[in-house]
Every structure is written in C-alpha cells, then in structure tokens.
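Each chain gets a letter, A, B and so on, in the order the sequences are listed, and its residues count up from 1.
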There are 2 protein chains.
Amino acid sequence: MQMKSTIPEAGAPIAQTAPGNGTDRQEASLHGEILLRLRDYVVEGNIPEGARVPERKLCEMLGISRTPLREALKVLAAEGLIELLPNRGARIRQLSQRDLEELFDVMAGLESLAGRLACEAITDEEIAEIERLHYKMYGHYLHRDMHGYFQINQRIHESIVAAARNETLRAAYANFAGRIRRIRYSANFARKRQRWAEAMREHEAILDALRRRAGSELSDILFEHLRNKRTAAIEHLAEAREATAAMAAGG
Amino acid sequence: MQMKSTIPEAGAPIAQTAPGNGTDRQEASLHGEILLRLRDYVVEGNIPEGARVPERKLCEMLGISRTPLREALKVLAAEGLIELLPNRGARIRQLSQRDLEELFDVMAGLESLAGRLACEAITDEEIAEIERLHYKMYGHYLHRDMHGYFQINQRIHESIVAAARNETLRAAYANFAGRIRRIRYSANFARKRQRWAEAMREHEAILDALRRRAGSELSDILFEHLRNKRTAAIEHLAEAREATAAMAAGG
DNA sequence: GCGACCAATTTTGCATTCATTTTTTATCTT
DNA sequence: AAGATAAAAAATGAATGCAAAATTGGTCGC
C-alpha cells in the first residue's frame, strides 16, 4: 500500500506552518515537516529523559513510513536533542550536570556576542521597545508574577539577539536554547526567588549599556548575567533530580 | 543485491577512523561513516560552490544505496554545509558575503567565549605550550613563511578552545570552522600581508592577557582579532570572486 | 535560425522489503 | 523457585521499488 495512493488511516494532520521555536524551518517536504513536529515535541518535554524514541510508534502516530522519520531523527541527533545508539535506536539525550553547565556557558557566550553586535546596529526604536519590555517586566517583578516576568525576560533576550542582525547567530542561539528549554519543561524549572532582585538589577545595567552602545561592557554584563542564571539553574536542577530520585526510591 | 551478503563492486574502502575535522565522529554505522566522509569531502572543497550533489553518482562512488546517503545529506544540510531544494536535490551551499561576515562574527564570539572560559581553567603547562607555539609562529613570521604561520596560528586558536574545557563549545566551533574552511580551500584563501604584523601584535596581546588570566580583557582582544581577520578575509574573497567572474566572462 | 511545446529520461521522495541485531518469552537445569 | 539458555518476536539498518516531479532532447511553428 502506497501512502500517496490511499488515505493514511493513522496519524494527526501533517500540515502546519507555525512560527515555532525559531530554528530553521524547512517546509513542503515530509521529512521537513516531521523534523519540525518532532523537534517541538521533544523540546516541549513530551518524552522523558533517556527514554527510547520508538520508530514504529512514531510512524503510526505521524502516519508516515520509517524513511522520512529516520531522516528527521538523524538531524535531531546532530542537533544534540537525541542520541542514536547503534542497533538500539534513538533515546532522548540525557544531559548531565556538566552538559548543562557547558550549554549555559555557550548560551552566555552567544548572548554576550549578540549584545556586542547589537550595539553596532541597534536603532533607537528597538531600544525603546526593549525599554518598554523592561518596564513591563519590572511590573511583573513588583507583583511577584514569576511567569509573566519570565516570559518578558525571554522576549528581551530574544530582542537583543534579533538586534545583532546575524541570522547565523540567531539560528545557533535557537538551537542551544531548545536544548535547555527541554530541561526547563521537564524539570519544571523556575528561577530562584533570592536571585530575582539581583537579576532585575543586572537587567537595568544591560539596558543602560545598550543605551550607551557600550558593546564591550554589555558583552561583559550579559556574560555575567547568564553565568548567574547558570548557577541558579544548575542548583535547581540538582534539587529536582534528587527529588525525582527520592520519589522513585520511595514509591 | 544486498550490501551485507556480497562484496560491493564500486566504491573506495569505507572504514576509516581518522581524527578528522573535530566535529562529532559517530562510527560503526553506514550512515555515520558516510556522514564523516561526505563532510570531509565537502569541507575540503572537492565540489564547487552551488554545484549539485547528485545522489546517484555519490552512491556509486561510495558503493552504497541511497538511504544512508540521504540521511547523511539531511545532517549536512542541518550543519549548513549544503542546501536541500525540494524535489531538486542537494547543492553545495553558496555563502554570500553577508553569510561569511555572519560566520566570522559567530566564530569571533565563540573564540571570545573560549578565551574567557580558558582563563578560568587553563594550567601553567597549557600556557607554556601556547607560548611555545607562539614563538614558533613568530619564527615563521620572520621567515615570511605564510603557510607555516597559518598552521601554527590555527593550532593556537584550537589550544585556546581546548583550554576552555567545554565540549559543547568545541563542537560548535568545529562546525562553524568547517563552513569557513570550505571557502578557504576553494577560494585559495590567504591572509593579506599588510595585516600580518598587526595580527602578530594582537597575538602577543592575547598571550599576555592569557598569562594574567584576564578573562574579560582576553575576550575583547580575541573578538577584535577575529573581527580584523574577518575584514581581511571578506576583502580577499571579494577579489577572488571578481577574478573568477572575470575569468568566466573572458574564457 | 530561434524560441515554445511535448514526450522520453532522469532524479527525487517516500514506502516497502529483507537481513541482522536486539529484546522478549518460554523452557530447562540446578 | 531462581537463574541460565534457546527459540520467537520485535526493532533496527540498509536496499529496492514505485509514483511524482524535474530535467533533457527533440520537434514544430514562426
């Protein structure tokens, strides 16, 4: 039975052109669509860490044959989201604490670069927009609305990356951000309260350096800002994993 | 005819475990081997820019079927070395001048990060080794040996990346370096003589900052160093492309 | 002689099939 | 009954087959 000649029995609709996570979107081919869908699926943490990604099940789920699926899996492996064990299929890549530290440092480097480049090209309008976001975020801070704060925070960082006017950088940033986001979803990540005030102050320094187009200075501030984030995140993850381990032992 | 049950008639030997270009090496599966071979083949500039990568020819060349080849092509496309046009096959990605500028800036950011991280972790022995390389490179500079200079220069930058103790960073660096290396091979890249003395001075500043473990400072110096490289490289490439275009028009 | 149109060939995308390895299950031994 | 062993089932890796799209070559019209 050929797919093209009959209506597939299983599977959800394939077509979708959602803006998505920012990584390269290659439309119009089956493996491309599958890649987008699978990447989002994995990034959103729908499969637990270290779990197998069974080809057959996914094929049925998506209503396709194994060929395009396997092509997508190879790409996801190259992107670092999954692992391919020879003759033993795909697994969701389990990030060690060290992996996460490394990832955060690379993100810090990329944002630090983005800040430096942004100072060369950013317009007054873009700065005004970031200021607007900043004050909105400050409002969330005052109201102790962590979720709102977090969302605006992310938009500010994305705005800085966008202002760098470097598509290559943006794509790399999106890739690494995706790897971290996976953890965030599955570990129910949240920023520590004690870090909050400090982070807010750092954001003011970021905005100040950006206004003055002080590239080298902004680069330093952003690196340190992300470094502090890293410390908080790693601690949080360690606690979460301990809790999970304890639960598994207790239950 | 199944590959496993008969000896393949066409194609060069598949097995090879060369250290290669530094990007992740996944052995033991056909698509993995193909990926390594194809990547090196493309990075070394064996196929001209924009040229088609015909599946069938490559399959015969490598003595395999299209399935693993296509898997490898998808990965190379994700890495940014080739482009996949829907229903029109793979082409060697043609980098615009803007693409190259972006790539150099990202490389600058990654090396800048590497320098910063290296200052946190580098040992005296590693610094001594980089000093040794530095003086060797200085010798090549004095003897006007560009090729020797260039090779040592590359080893110094790789040493700094290695000293950052960040495998994620190293892999990303290798990926971007590969994209640029392709151009270098095919455009017969070389540094401008006029930049040479300046680059040598910058390298002394790099070494000095490294000795003092001045992370932020080293970060700045490395970024500027790569930025200057970028300018020289882009100019050179523009000239080379003009020459090629003139040759094509004249011949 | 040059360009538009159409059939033949090639190429691509995906499904299917086959061989091999891994995992599961059932049986046997101690 | 617990563990080891072997057969059965399932999953993986790669080749082949088939339909759709694109490229090529040739013919016709102007």
Between Tyr173(B) and His157(B), does a side-chain contact (heavy atoms from CB on, under 4.5 Å) hold up when you go through it step by step? CA-CA 11 Å; Tyr173(B) 183 85; His157(B) 287 279; 3.8 Å; yes
Below 3.5 Å between N/O atoms, which protein atoms pair up with nucleotides 21-25 of chain C? Just atom names and distances, please.
| residue | atom | partner | partner atom | Å |
| --- | --- | --- | --- | --- |
| dT23(C) | OP1 | Arg88(A) | NE | 2.8 |
| dT23(C) | OP1 | Arg88(A) | NH2 | 3.0 |

*asked:* With a 3.5 Å cut-off and heavy atoms only, can you find an N or O donor on one side and an acceptor on the other between the side chain of Ser65(B) and the base of dA14(D)?
replied: no
Phe104(A) ring centre to Arg227(A) NZ or CZ under 6.0 Å, with the angle to the axis within 45°? no
In short, salt bridge (Lys or Arg N to Asp or Glu O under 4.0 Å) pairs touching residues 63-72 of chain A with sequence neighbours left out are Glu55(A)-Arg66(A), Glu55(A)-Arg70(A), Arg70(A)-Glu71(B), Glu71(A)-Arg70(B), Glu71(A)-Lys74(B)
Taken to the nearest 0.5 Å, the spacing of Glu83(B) CD from Leu76(B) CG works out to 13.0 Å
side-chain hydrogen bond (donor to acceptor under 3.5 Å, both in side chains) filter on Arg155(B), not counting sequence neighbours, yields none
Between [atom2] of [N] and [atom1] of [X], the distance in whole Å:
X	N	atom1	atom2	answer
Leu35(B)	dG13(D)	CG	C1'	16 Å
Lys74(A)	dG13(D)	NZ	C1'	8 Å
Leu30(A)	dT12(C)	CG	C1'	13 Å
Leu85(A)	dT12(D)	CG	P	11 Å
Arg70(A)	dG13(C)	CZ	C1'	16 Å
Leu69(A)	dT12(D)	CG	C1'	12 Å
Glu55(B)	dA22(D)	CD	C1'	13 Å
Glu60(A)	dA10(D)	CD	C1'	13 Å

Looking only at the side chains, is there a donor atom on one of Asp99(B) and Ser96(B) sitting less than 3.5 Å from an acceptor on the other?
yes
Verdict with supporting geometry, Leu81(A) and Arg93(A), side-chain contact (heavy atoms from CB on, under 4.5 Å): CA-CA 6 Å; Leu81(A) 279 171; Arg93(A) 185 165 163 202; over 6 Å; no
Next on the checklist: OP1 or OP2 of dA14(D) versus the side-chain N and O atoms of His31(B): is any pair under 4.0 Å?
Outcome noted: yes
Requested in this report: Scan Arg66(A) against the nucleic acid and name what it touches under 4.0 Å (heavy atoms): base, sugar-phosphate only, or nothing.
Outcome: base
Closest to the 5' end of DNA chain C, once Thr67(B) and Arg56(B) are matched to their nearest nucleotides, is Arg56(B)
